[in-house]
Each structure stands twice: as structure tokens, then as C-alpha cells.
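Remember, it's 1-based here, ligands and their atoms both numbered in the order they're listed. For this chain, numbers begin at 1 and follow the sequence in order.
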Amino acid sequence: MRDLAAELDERRARGLYRSRRILEGVQKPVQVVDGRKVVAFCSNDYLGLAGHAKVVAAFRHAVGTYGVGAGAAHLVNGHTRAHHQLEEELAAFTNRERALLFSTGYMANMGVAQALAGRGDHVLEDRLNHASLIDAGLVCGARFQRYRHATGVDLAQRLATLEATGERLVLTDGVFSMDGDLAPLPELSRIAAAHHAWLMVDDAHGLGVLGATGAGSLEHFGLDAGEVPILMGTLGKAFGTAGAFVAGSEALIETLIQSARTYVYTTAMPAALAEATRASLQIVRTDGRRREKLAALVARFREGAGQIGLRLMESPTPIQPVLVGDSARAVRMSEHLLEQGMLVPAIRPPTVPEGTARLRVTLSAAHTKPQVDRLLEALEAAQGAEAPA
Ligand SMILES: *Cc1c(COP(=O)(O)O)cnc(C)c1O
């Protein structure tokens, strides 16, 4: 039997130990974690909808109508009117024939890969894809390879050398979760089409944030369902609720309903959550000011960070990592920020490649300009405290 305690001690000694903080109350910029009042720059609640009055009210009201638990899987009798309406609205929002709800994004990714690919097939993924996409590719039983980050030529070369038989599934994040950059989707879509491969985009961090109506990376690039046949979106980020969906053709969605195991063999999300998400979708679609404010905060942060010599990444999104390099140094800087009342996590290997530890700043439309300015001051102080004497 493994000596778990010893393994944990060793992990601690290497500075890789992970632990939770306890948050009191609503996910919003000013919050209390571990008994300390902080300004948080780490949530994925990009539009400030997790505690929005209309979303909360829709949830409360729907609990009165539907109760709490769905009580069964979608294919048994857990699929309510609320779920069905949300699916129709998500399909319209993403300009696709159908959409299908999953209980989490992780399960949506696993379900699609398993339903479409298996032994004798091929899955190709961007090296920096989210862990849930990587796991989906590894677990589905297909041959698995990773191509160089956001590099179409590498993908094209790999596709060209595959034997003619079997399905080909190309999986990519729309916005990369640890770097904040965008996948080169127009190029990937051309390459996938030329090689008769499915292209699936996981737009967890693009939906709600990018595009004129918040429809995400595909709207940003002007790509339609013909160019990107499979779109996955999560509801726990910009939508401020929980769960996920896959959008695509009628045949794709029916195939998932028949055979995606993470769809078939799990309890439907609570109907009230679907109703709350309908309320948040309405805000996402119609309240462009939230996206404008978010873009203004991103611009302000990048400009200020440049002035104090921080190393940013090529990110046009609310994910604005500050590159530090050394893990221990990133952790010390994160602790220094916390002492100044700023909650910014240090992200270390194996979540990011060796030698690229970073402070992962995320911004939300719920932040204020003065809060962003205070973060910049705190980052400057944390950087100063680390400078060689
Ligand atoms: C958060 C995230 C997921 C997982 O979604 P959950 O609903 O939290 O399980 C999948 N893909 C990406 C890119 C993500 O950032």
C-alpha cells in the first residue's frame, strides 16, 4: 500500500501542495476568504453574474416551481421544461440547430470524445488544452497526440501522416485558460476541413466575453457551425451559474443523447439552475455594457502592468497572467499580494509548463477601476520585495 502521508509531505516540501481557502458568501470582487477581507482577482465570473439579483431571483422562483433536485437523468424523467427551453435558447444564441445540457464542462468534454472517437480513431489536441479536454482524449481509447500550442502547421503535418481509416477529432480551447490567448480558429477550421476531421472548440472562457453578442470565440472570428461543427460552452464562468452545453447539428446532438455516457448515466442538473441560466443568458445577450467595461479594465491593467515592467502574456481576454517563472517566487509574490488584501493565485507546474509559474490575474466586469489600480500597486510592491538586493 502507498504511504500517502509521506507522499503528501514530499509534495509539500516541493512547494506543490494544494489547499482550499474558505469563502464566505457570494462570489464577488470584495469577499471574505479564510476570515480575511480581500479583493479577489481569480474568479471566472467575468461578467459579475454569479450573484446578480435577476439571476438569483430566477433561481429562487424556479425552486418554488421545480423543487431542488432533478431526481433523475435526462433520459428518465429529469428533463424538465426549464432544461428544454434553456437548450433551445442556447442553440439560438450560438446559431446552431441544437444544444444539449451537461452537468459540468468536464463531463461534456468526456462525453463528446467518447461518443465520437474510440479504438482505431485519432484525437489531436493543442498542448495547452484544459485538463478536461486532455483527459477526454486520453480516456476515449483513440490514438492521442498533442500538437504545438496554437500552431496550425504542426496540426496539419500530423493530420497528413495519419492513415486513411478512422475518425479524426481535433480538440482545442477557444481561449486558453492559463494563458488567456486565443486559438487560431480560422486556420484550424480550414486545416480540419481539408483533412476531414471534426473540429471541437471548448469555449469555456470565450462565451459571454468575446463577440458582439457574447457568443464567444466563434463570433469573434466570424465562424459558423459549418466551420466549427462542435462547440462546448460552460455555464459556471461568464454565465455565473453551473453546468455546460454542447451545441451543433441535429445529428450530433441526437448522437450524444444516445451514446455519451456522461450524459446518459448522470442526474440532470437542477431545473432551477437551468432557469437561473436562462436569466443570465438574457443578460449576457443584451447587456453589452458589461463586456465594454470588462474590455476597458483589461486595457487599463495591461497598460499599467507594462509601465511597472511586469511580464504579461499575449492575451486580449480577462485572463491576464503575470509571468514569474520560478514556482517558489510565484508563491511568495502571491502571499505578498494577500498581505496587501489582493487574492491572486500562483499557478505552478504541472498545471503550467515547468519554469513558467505565474500569477493568474482574472478580471471581471464587477471590478472597479480603483480596484485594478490597487492591484497594480500591490503587484509593484510584491515585485519590489522580490528584486535582488
Ligand atoms: C472550467 C473549464 C472546463 C470545465 O468546466 P466545468 O463546468 O467547471 O467542469 C472545461 N474547459 C475549460 C477550458 C475550462 O476552463
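Relative to the six-membered ring of Tyr17, Arg11 misses at least one condition, a distance below 6.0 Å or an angle of at most 45° to the axis.
With a 6.0 Å radius and a threshold of 12 heavy atoms from other residues, nucleotides or ligands, Arg12 has its CZ atom above the threshold.
Leu188 is connected to Phe221 through a chain of hydrophobic side-chain contacts under 4.5 Å among Ile, Leu, Val, Met, Phe, Trp and Tyr, so both are in one cluster.
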Please tabulate, one line per pair, the protein N or O atoms found under 3.5 Å from any N or O atom of ligand 1, giving the distance to one decimal.
from, atom 1, to, atom 2, distance (Å)
ligand 1, 7 (O), Gly105, N, 2.7
ligand 1, 9 (O), Gly105, N, 3.1
ligand 1, 9 (O), Tyr106, N, 3.0
ligand 1, 11 (N), His130, ND1, 3.4
ligand 1, 11 (N), Asp202, OD1, 3.4
ligand 1, 11 (N), Asp202, OD2, 2.5
ligand 1, 15 (O), His205, NE2, 2.6
ligand 1, 15 (O), Lys237, NZ, 2.6

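In this structure, Lys37 does not pair ionically with Glu24, as no charged nitrogen and carboxylate oxygen lie closer than 4.0 Å. With salt bridges taken as basic N to acidic carboxylate O contacts below 4.0 Å, none links Glu87 and Arg98.
By the ring-ring contact (aromatic ring centres under 6.0 Å, His included) test, Phe301 is found to be paired with no residue, residues two or more places apart in sequence or in another chain being considered.
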